[in-house]
Amino acid sequence: MARRRKSGKAGSLALRYLVLGSWALFCVVPIIWFLTIGLRPRTEIVLPQPLYLPTFTLDAWNMIWSSWPMGSYLRNSLIAIFGSVVIDLLLAIPAAYSLARYKYRFREDIGFYILSTRMMAPAVVAIPIFFLFKTFGLLDSVWALMLIYAAMNLSLVTWIVRSYMLDIPPEIEDAARTDGASDLRILVAIIVPMCLPGIITAGVIAVIFAINEFLFTLLIASTQNAYTLSVALANFTGGSDGIIYNAIAMVAFIAFVPVLLLVVAIQKHLSRGLTMGAVKG
Amino acid sequence: MAEAIAANPGRAAQVARSPLKRRRSPLQRKAFPYLLVAPAVIYLLGITFYPGLYAIYQSLFRVKFNSWTFIGLDNYSKLLGDNEFWASLWNTFLMGSGALLIEFVIALTLAAFAYRDPFIRSWRILFLLPMLFMPSAVSFLWKLAFNDGRVVSDILMRIGFIERPLDFLGDVWLARLSLIITDVWQWTPFLFVIFVAALQGQDAEIEEAARLDGARWSQIFWNISLPMLKPIIAVALVLRGIDIVTMFTSIFIITGGTPGGATETMSYFIYRTGFKRFDFGYASAASVLLLALTVIIAQTFVKRFFRSGRD
């Protein structure tokens, strides 16, 4: 009996590692293969018979810096993304505090309205926003992208920060309030420092979504004035040469490394951030 | 409790008694939470509500470059008779529900196996990796693997599954499958991370008690852990579902809606009508219908799972 139980346990352990191991391979093998794409010459990518042991070369690395304005792409991405996160935090922290700490008419409706903007398909607002920015002469500018990314992530940032604010015991604020601190002062001096992990989590997730953004950037950007990494990829074609995959793979990994570092840094908070605070990890 | 301050006369009196507290009129105190939330709401209204109204307005016109001709609801009646529009709706539903279902089953299975594993941190990072690439890059990765580089066909041939290379993007169902696999590869980790966190967050003692009573691991998972997980599963599926409905990047890069419109989603339909055929009024009409659809989804599903503050 005891032995059967033991072998059953070993069997289920083997099954567990078989399942987890297979998925891990499915995740990792394409990534490693894509890395080899970035490190091989262009002539060894699109072939009748795929090549699994390519020549190693840094062609792609040299090419992205010499043939394309990679510096502009990086700068545009950085300005648009970080600007948008700053806008988000400035708007979201007071809004989150209001939703988390006060009781007032329409609070639920306002909260739900903010949340529901997260559900708006980008394609729905793409055309009006295109015309709006055209009117204001903001097409092909990083400022337009900054405003769009901020709008896109505002609901997410507000709800994540709100969730962390709810964790702070109200007694702390009550004590400060009896000491005569104003509501605004309490928010800045007590609440913000105490929910810093939430603010950082929200910021990191907003950064990731902004890096990924594609449709708006595609419509708004038309030259290197505003191309970000995500959309610049789609233009890595060399006319008759077709898609230049090794350059694309190289840029993919350039964007991947900072995202990986950010995600590792907030690992414990990731699930809570991704569910906009609904799941406490 | 703190949010009750404004409503709680005892507390308000206490605050008012405090000597250092600036005196504020009841009106000011009442307006304060609205003032805090207003900038965010105004910003969002400007960038979602205004465009929504603009789309409704524009959908009533035939727009040719700068000339707008009022045509009433013609765009809508034309849309309802447009096979391409219905096909895009069907494709969105088909590929979206397919991808969502597969992602859900895989993520839940992996989470069930992984959450009590001693190496859970390593598994989580490994499984997360695909999600950390830009969707445009992931789309190119799979476009190369399925089509341009013929890698998937080659591997399947070497294993002996198939004899001739498959034309992944030329066949209706294979093209849809390619897009689903792309989505599953990148976004299964989204659900996995959430499920694992939820499973880890549950009370371990309940499981322990069940185990001591002789319950098998699978029984514990099905009868104890899974029911507790239900609300979180709902939240995760709604969030993922919304993103899938708006699927665009992979279609733009991998198929462009081919073959014969079989992979065109609603988002791509709107994009193509507006920015390839420059039929902006017509595209706006489609936007309005998609908007109505998302509002209905949001009202029915989302409102249930999210609450703003404490009650």
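In what follows, every chain begins at residue 1, and chains take the letters A, B, ... in the order their sequences are listed.
Relative ring orientation between F130(A) and F280(B) is described as parallel, the plane-to-plane angle staying below 30° on a 0-90° scale split at 30° and 60°. Between F133(B) and F256(A), the ring planes are parallel. Angles under 30° get that label, and only those over 60° would be called perpendicular.
A donor-acceptor pair shorter than 3.5 Å cannot be found between the side chains of T117(A) and Y43(B).
Interface residue A283(B): backbone and side-chain heavy atoms are both found under 4.5 Å from chain A. Contact annotation for F195(B): neither backbone nor side-chain heavy atoms come within less than 4.5 Å of a heavy atom of chain A. Proximity to chain A (any heavy atom under 4.5 Å) is shown, for L35(B), by neither the backbone nor the side chain. The part of Q58(B) that comes within reach of chain A is its side chain, from C-beta onward, which places non-hydrogen atoms under 4.5 angstrom from that chain. With a 4.5 Å cut-off on non-hydrogen atoms, F140(B) touches chain A through its backbone and its side chain both. Residue contact with chain A, scored on non-hydrogen atoms closer than 4.5 Å, is absent for R216(B). Contacts between I242(B) and chain A at a heavy-atom distance below 4.5 Å involve the side chain alone, from C-beta outward. For V245(B), no part lies under 4.5 angstrom from a heavy atom of chain A.
In this structure the side chain of L126(B) never reaches within 4.5 angstrom of the side chain of C27(A), judged on heavy atoms.
Between the CD1 atom in I114(A) and the CG atom in L45(B) there is a gap of 9.5 Å [rounded to 0.5 Å].
Checked by atom type and distance alone, the side chain of Y54(B) never pairs as donor or acceptor with a backbone atom of I127(A) at under 3.5 Å.
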